[in-house]
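Everything on this sheet refers to the single structure shown next.
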Amino acid sequence: ESFDSFYKWIAFGSNEIRTNNRRQQRKQIKFNHLVANCLIFYNVVEISRILNELIQEGQTIEVEAVAALSPYIREHINRLGRYSLDLNRKPPAIDYSVPVVSSVSSV
């Protein structure tokens, strides 16, 4: 249900299928799923980065707090704004060596 709600919010304006062509219908659905999944992936990366920063600063993060986080957050998404893309910009490297699980405490 959470994914469906997120998906419908992301795909507003394009969630109507306006063609009887099955191939085009599948293409539109797959594209909308791709966009939703990319945003979910971005959210997970950012949540992980922030949790790792907090752990590196010495914060103790409770398991219940992590369990309450959702990859379906959308407050930071600007669906109607103007976007400029820098195609030469490289994403930062992901540090896979940071041990998140061992720093999370259970109550």
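Side-chain atoms are counted along with the backbone in the values below, which use heavy atoms only and exclude waters and symmetry mates.
Under the salt bridge (Lys or Arg N to Asp or Glu O under 4.0 Å) criterion, Arg49 pairs with Glu46, Glu53, not counting sequence neighbours. Residues passing the side chain to side chain contact (heavy atoms under 4.5 Å, CB included) test with Asp86 are Asn88, Arg89, sequence neighbours excluded. For Val45, the side chain to side chain contact (heavy atoms under 4.5 Å, CB included) partners are Phe41, not counting sequence neighbours.
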With side chain to side chain contact (heavy atoms under 4.5 Å, CB included) as the test, would you mind laying out the steps for Ile77 and Tyr42 before giving the verdict? CA-CA 11 Å; Ile77 300 171; Tyr42 173 81; over 6 Å; no

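Under a 4.5 Å side-chain heavy-atom cut-off, the cluster of Ile, Leu, Val, Met, Phe, Trp and Tyr residues that includes Leu85 is completed by Leu87.
Residue Asn37 holds its CG atom at 9.0 Å from CZ of Phe6, rounded to the nearest 0.5 Å. Between the CG atom in Asn32 and the CD1 atom in Ile10 there is a gap of 9.5 Å [rounded to 0.5 Å].
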What donor-acceptor contacts under 3.5 angstrom involve side-chain atoms of residues 69-76, with partners at least two apart or in another chain?
from  : atom 1 : to    : atom 2 : distance (Å)
Ser70 : OG     : Tyr72 : N      : 3.0
Arg74 : NH2    : Ser5  : OG     : 3.2
His76 : NE2    : Asn43 : OD1    : 2.8

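Atom CZ of Phe3 sits in a crowded spot, with more than 12 heavy atoms from other residues, nucleotides or ligands closer than 6.0 Å.
Residue pairs meeting the salt bridge (Lys or Arg N to Asp or Glu O under 4.0 Å) criterion with at least one partner in residues 23-38, sequence neighbours excluded, are absent.
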